[in-house]
Amino acid sequence: MQVQQPLDLRGMKLFRGLIGPEEQRHLVEGLRDVVRAAPLFHPVTSSGKQMSVRMTSAGRFGWVSDRQGYRYSETHPAGIPWPAIPEIALEVWRMVSGTERMPECCLINFYDAGAKMGMHQDRDEADFDQPVVSISLGDEALFRVGNLTRGGRTESVWLSSGDVLVMGAEARLLYHGVDRIKAGSSMLLPRGGRINLTLRVVT
DNA sequence: AAGTAACA
DNA sequence: TTGT
């Protein structure tokens, strides 16, 4: 993997095609092991609505959401500890995060053709000086970036398999979300859909 | 509201 | 239909 000059999206850094096809396949293999140990689940928001993405996590902590609210937990909702973060994901982190610390959570979101993610901030972590690194795999996604508060103008960009987005510094708390998945745009996942990994330092 | 609908 |  060779780091090229990133594109700038309101302070977010977008490394297009950072992860090559062979490494993408390798990473997906690693994720299969994670999902086998910690099955995907449909989270429910604090208002009781089901999210359209299915998710699980790897690392010391996983992100969970239920009637109690959002938080990081050391166990899967089924009570089991989270599996280790795949090595390739850690390599990507070392290349682009710009921090000495290693991620404590790798949130794995699976989007089928109709799944979306509403505009939100990542603010359940203790230290906002630590960046969030997002890895796209599989079908293309229409990603939207907003502002530090809700509302205002937004910008959208299509994210492709192998793209890596770093949300750090002044862009760490920008609202963002996923509006649409382009079904059939990638051959990486045999049954289609998109996987997004977000690596974070939690504590 | 990590959701949804409504409105321009 | 698209953007907020």
Side-chain angles (χ1 to χ4, degrees), chain A residues 9-12 14 31 34-35 38-78 82 85 89 103-128 130-159 163-168 170-183 185 193-203:
Chain A
L9 264 193
R10 298 192 171 184
M12 294 186 179
L14 173 56
L31 294 172
V34 170
V35 170
L40 293 166
F41 56 95
H42 268 296
V44 174
T45 65
S46 45
S47 62
K49 304 275 189 168
Q50 199 172 71
M51 293 173 67
S52 56
V53 298
R54 289 187 295 154
M55 68 173 59
T56 188
S57 292
R60 168 139 185 243
F61 296 95
W63 188 84
V64 296
S65 168
D66 55 27
R67 214 52 85 74
Q68 334 264 48
Y70 312 135
R71 64 193 180 280
Y72 287 97
S73 166
E74 293 190 272
T75 53
H76 184 279
W82 307 101
I85 299 175
E104 299 168 308
C105 172
C106 175
L107 177 59
I108 299 159
N109 284 321
F110 179 78
Y111 294 76
D112 66 21
K116 293 178 279 190
M117 177 79 70
M119 294 290 279
H120 67 280
Q121 291 174 301
D122 287 23
R123 55 177 312 148
D124 299 317
E125 303 77 26
D127 183 0
F128 298 142
Q130 298 296 325
V132 173
V133 172
S134 162
I135 297 174
S136 294
L137 295 168
D139 285 338
E140 290 171 33
L142 187 56
F143 179 79
R144 178 142 135 220
V145 190
N147 306 95
L148 292 171
T149 55
R150 282 194 176 277
R153 306 182 96 100
T154 61
E155 287 181 64
S156 296
V157 64
W158 283 98
L159 296 179
D163 289 354
V164 175
L165 188 65
V166 180
M167 301 182 248
E170 77 276 14
R172 176 63 175 75
L173 290 171
L174 290 179
Y175 274 86
H176 58 279
V178 171
D179 288 337
R180 195 145 70 86
I181 299 298
K182 193 180 288 182
S185 54
R194 170 178 188 253
I195 296 171
N196 181 68
L197 306 181
T198 46
L199 297 156
R200 313 125 184 274
V201 174
V202 171
T203 61

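Being a predicted model, the structure only gives us computed values, none of them experimental. The basis for the numbers below is simple: all heavy atoms, side chains too, and nothing from hydrogens, waters or symmetry mates.
Residues satisfying the side-chain contact (heavy atoms from CB on, under 4.5 Å) test with R54(A), not counting sequence neighbours, are L40(A), H42(A), F110(A). Annotation: side-chain contact (heavy atoms from CB on, under 4.5 Å) contacts of E104(A) (sequence neighbours excluded): F61(A), R101(A), V201(A), V202(A), T203(A). A115(A) pairs by the side-chain contact (heavy atoms from CB on, under 4.5 Å) definition with S52(A), V53(A), Y111(A), D112(A), not counting sequence neighbours.
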Each nucleotide N or O in nucleotides 3-5 of chain B that has a protein N or O under 3.5 Å away: list the pair and distance.
residue	atom	partner	partner atom	Å
dG3(B)	OP2	G118(A)	N	2.5

Could you list the protein-to-nucleotides 2-4 of chain C atom pairs, N/O on both sides, closer than 3.5 Å?
residue	atom	partner	partner atom	Å
dT4(C)	OP2	T154(A)	OG1	2.3
dT4(C)	O3'	G152(A)	O	3.4

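Where DNA chain C pairs in unbroken runs of 3 or more (Watson-Crick or G-U, both distances under 3.5 Å), the stems are B:6-8 with C:2-4.
For dG3(B), there is no paired nucleotide, since no Watson-Crick or G-U wobble pair has both relevant distances below 3.5 Å.
R71(A) has its CZ atom 15 Å from the P atom of dA2(B), to the nearest Å. For the pair Y72(A) OH and dA2(B) C1', the interatomic distance rounds to 11 Å; values are reported in whole Å. Spacing between atom OH of Y175(A) and atom P of dA2(B) amounts to 7 Å, rounded to whole angstrom units.
In this structure a side-chain-to-backbone donor-acceptor pair under 3.5 Å is present from S65(A) to V44(A). Under a 3.5 Å cut-off, the side chain of D66(A) and the backbone N or O of Q68(A) do form a donor-acceptor pair.
With both ends at atom C1', the span from dA5(B) to dA1(B) equals 13 Å, rounded to whole Å.
Using a 4.0 Å cut-off between charged side-chain N and carboxylate O, R10(A) and E155(A) make a salt bridge. Remark: D139(A) does not engage K182(A) in a salt bridge, criterion side-chain N to carboxylate O under 4.0 Å. Using a cut-off of 4.0 Å between Lys/Arg side-chain N and Asp/Glu carboxylate O, D124(A) and R71(A) are scored as not salt-bridged.
N147(A) contributes atom CG, which lies 10.0 Å from atom CD of Q121(A) (distance to the nearest 0.5 angstrom). The structure places OG of S156(A) at 10.5 Å from CZ of R180(A), a figure rounded to the nearest 0.5 Å.
The shortest non-hydrogen separation linking R150(A) to M119(A) is NH2-O, 3.1 Å.
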